[in-house]
Amino acid sequence: MKNIKIVLSAVCILIFVLSYSAWAVEDIFKDVPKTHWAYDAIQTLSQAGIVKGYPDGTFQPDINVLREQFAIVLVNTLKIPLNEKAPQTFSDLDYNHRSFLYVDAVKPFIPIPKGYTFNFYPDRAITREEVAETIVLALNLNKGQKPDSKYLASKFKDYQSISPEFRENVAIAVYNGILSGDSKSNFHGEAGLTRAELSTIMNFLFQRKAVMSVGLRPPRKPWTIDLIDFQRPDYDMVRDFPDFNETQSFFGSITSKVYDFSNSHLIVEHNTYSNGMNVEHKTVHVYVYEKDLNLFSVGDMIKFNYDRDNNILSYVFEYRILNIAPTL
């Protein structure tokens, strides 16, 4: 994805840019001291070039985020590709608009205000329920594990004020720890999201974006697979030709669901389909470094690719369960 340079407008609108090579930025914003509850998140995203402050050296953490700003930061955090040949979709966003490509990239996910099919309203504040809807769709979390229909009612006193069309994905977002309510058990679905709150959410996703990508290599080696009651698909070749690896690679893969942690390894459950009907559960232990365990969550569906010695070569997340709630 090309790095796109966005220039701050005359009205000092917050701009989020993709610039992973520019790590040397201001150490602290005037209005975000080290005692601020979102200090670490804001500093991390600032150093990554994802968020920027204002020319006067402030971040203004308490003002609401606009819809176009949310689109830009989501694209940059999740590395959503931009289409430079994108057609114009919304009448209030033409090709020359500063956020045109970013809004186009997230238009499959971000909801359009009711009754405004042809307008995006980039200068309108994004709501908490819209944020939940967008992130769940962008991460395909709606295709993974879902809470039951009474989940929102059990979590929030004001659950009925959440727009009906967003309730399912709000529940998924809360269930996966992406958003939470206030100290009085209210969600405030139609309220705006402050820059500090958005920073904590995006930092949560940014810190784990590596495990939301595909075809990843383990950060450290060796990671190994211990096949407890599962026979690898190329078992006969590995057994019968132990010295043939110099000219021929042997490897296999397992798509499994993480269901537990034990010491320094994951315990994953592998389903073997027999005759297209019955499911036989197999146990596989995936040994990883203890410091790498935070890359995974119970409920993740992962495909592990391993070599003849059962060292993990790469892994692919079929879907993610994000279960660390940022404090909002």
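Positions are given from 1 along the sequence.
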Side-chain heavy atoms of [X] within contact of [Y], under 4.5 Å:
{"X": "K146", "Y": "E168", "result": "yes"}
{"X": "S199", "Y": "F59", "result": "yes"}
{"X": "W223", "Y": "N311", "result": "no"}
{"X": "I225", "Y": "F304", "result": "yes"}
{"X": "S46", "Y": "K52", "result": "no"}
{"X": "I178", "Y": "I201", "result": "yes"}
{"X": "P122", "Y": "L66", "result": "no"}
{"X": "F70", "Y": "V106", "result": "no"}

Check [X] against [Y] and note the closest heavy-atom contact, atom names and distance.
{"X": "V32", "Y": "Y39", "answer": "O-CD1, 3.4 Å"}
{"X": "T127", "Y": "G189", "answer": "CB-O, 3.6 Å"}
{"X": "T134", "Y": "P111", "answer": "OG1-CD, 3.3 Å"}
{"X": "P61", "Y": "I42", "answer": "CB-CD1, 4.4 Å"}
{"X": "A196", "Y": "W37", "answer": "CB-CZ2, 3.7 Å"}
{"X": "R98", "Y": "D123", "answer": "NH2-OD1, 4.1 Å"}

Answer yes or no: is there a donor N or O on one side and an acceptor on the other, between the side chain of [X] and the main chain of [Y], under 3.5 Å?
{"X": "N76", "Y": "I50", "answer": "no"}
{"X": "R128", "Y": "S180", "answer": "yes"}
{"X": "R167", "Y": "I162", "answer": "yes"}
{"X": "E129", "Y": "S163", "answer": "yes"}
{"X": "N169", "Y": "V136", "answer": "no"}
{"X": "N119", "Y": "Y121", "answer": "no"}
{"X": "E197", "Y": "T194", "answer": "yes"}
{"X": "K79", "Y": "V75", "answer": "no"}
{"X": "D94", "Y": "H97", "answer": "yes"}

- side-chain contact (heavy atoms from CB on, under 4.5 Å) assessment of F90 paired with I112: CA-CA 10 Å; F90 304 107; I112 306 304; 3.6 Å; yes

- Show your working on side-chain contact (heavy atoms from CB on, under 4.5 Å) between Y159 and N186 and close with a plain yes or no. CA-CA 7 Å; Y159 75 96; N186 291 309; over 6 Å; no

Could you grab the distance from atom [atom1] of [X] to atom [atom2] of [Y], nearest 0.5 Å is fine?
{"X": "I126", "Y": "E133", "atom1": "CD1", "atom2": "CD", "result": "10.5 Å"}
{"X": "L78", "Y": "F109", "atom1": "CG", "atom2": "CZ", "result": "9.0 Å"}
{"X": "F204", "Y": "L179", "atom1": "CZ", "atom2": "CG", "result": "10.0 Å"}
{"X": "D92", "Y": "R124", "atom1": "CG", "atom2": "CZ", "result": "9.5 Å"}
{"X": "N64", "Y": "Q69", "atom1": "CG", "atom2": "CD", "result": "10.0 Å"}
{"X": "T77", "Y": "I72", "atom1": "OG1", "atom2": "CD1", "result": "11.5 Å"}

- Message: Tell me which pairs pass salt bridge (Lys or Arg N to Asp or Glu O under 4.0 Å) where either residue lies in residues 151-161, with sequence neighbours left out.
- Response: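 Every pair satisfying salt bridge (Lys or Arg N to Asp or Glu O under 4.0 Å) with a residue in residues 151-161: there are none.
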
- Does T58 have any side chain to side chain contact (heavy atoms under 4.5 Å, CB included) partners at least two apart in sequence or in another chain, and if so, which?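 Here the qualifying residues are K30, D31, Y54, D56, Q60.
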
- Item | K150: partners by side chain to side chain contact (heavy atoms under 4.5 Å, CB included), with sequence neighbours left out |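 Applying side chain to side chain contact (heavy atoms under 4.5 Å, CB included) to K150 gives D148.
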
- Task: Go through L74 and I110 one step at a time and tell me if the side-chain contact (heavy atoms from CB on, under 4.5 Å) criterion holds.
- Result: CA-CA 10 Å; L74 187 66; I110 195 166; over 6 Å; no

- Should the pair Y175 and Y151 be assigned to parallel (<30°), tilted (30 to 60°) or perpendicular (>60°) ring geometry?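 Judged by the thresholds at 30° and 60°, the geometry between Y175 and Y151 is perpendicular.
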
- Message: If we count only N and O atoms by modelled type, under 3.5 Å, do the side chains of T89 and K107 hold a donor and an acceptor together?
- Response: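 Looking only at side-chain atoms, K107 and T89 do form a donor-acceptor pair, the distance falling under 3.5 Å.
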
- Message: Going by the rule ring pair (Phe, Tyr, Trp, His ring centres under 6.0 Å), which residues pair with F166 if we only count those two or more places apart in sequence or in a different chain?
- Response: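 Counting only residues at least two positions away or on another chain, F166 forms no ring pair (Phe, Tyr, Trp, His ring centres under 6.0 Å).
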
- Message: Can you list everything that forms a ring pair (Phe, Tyr, Trp, His ring centres under 6.0 Å) with F100? Sequence neighbours excluded, please.
- Response: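 Checked F100 against ring pair (Phe, Tyr, Trp, His ring centres under 6.0 Å); matches are Y95.
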
- Message: The test is side-chain contact (heavy atoms from CB on, under 4.5 Å); show your working for N83 and D104 and say whether it passes.
- Response: CA-CA 8 Å; N83 178 14; D104 175 78; 4.1 Å; yes

- With sequence neighbours excluded, tell me which residues meet salt bridge (charged side-chain N to carboxylate O under 4.0 Å, His left out) with E130.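 R67.
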
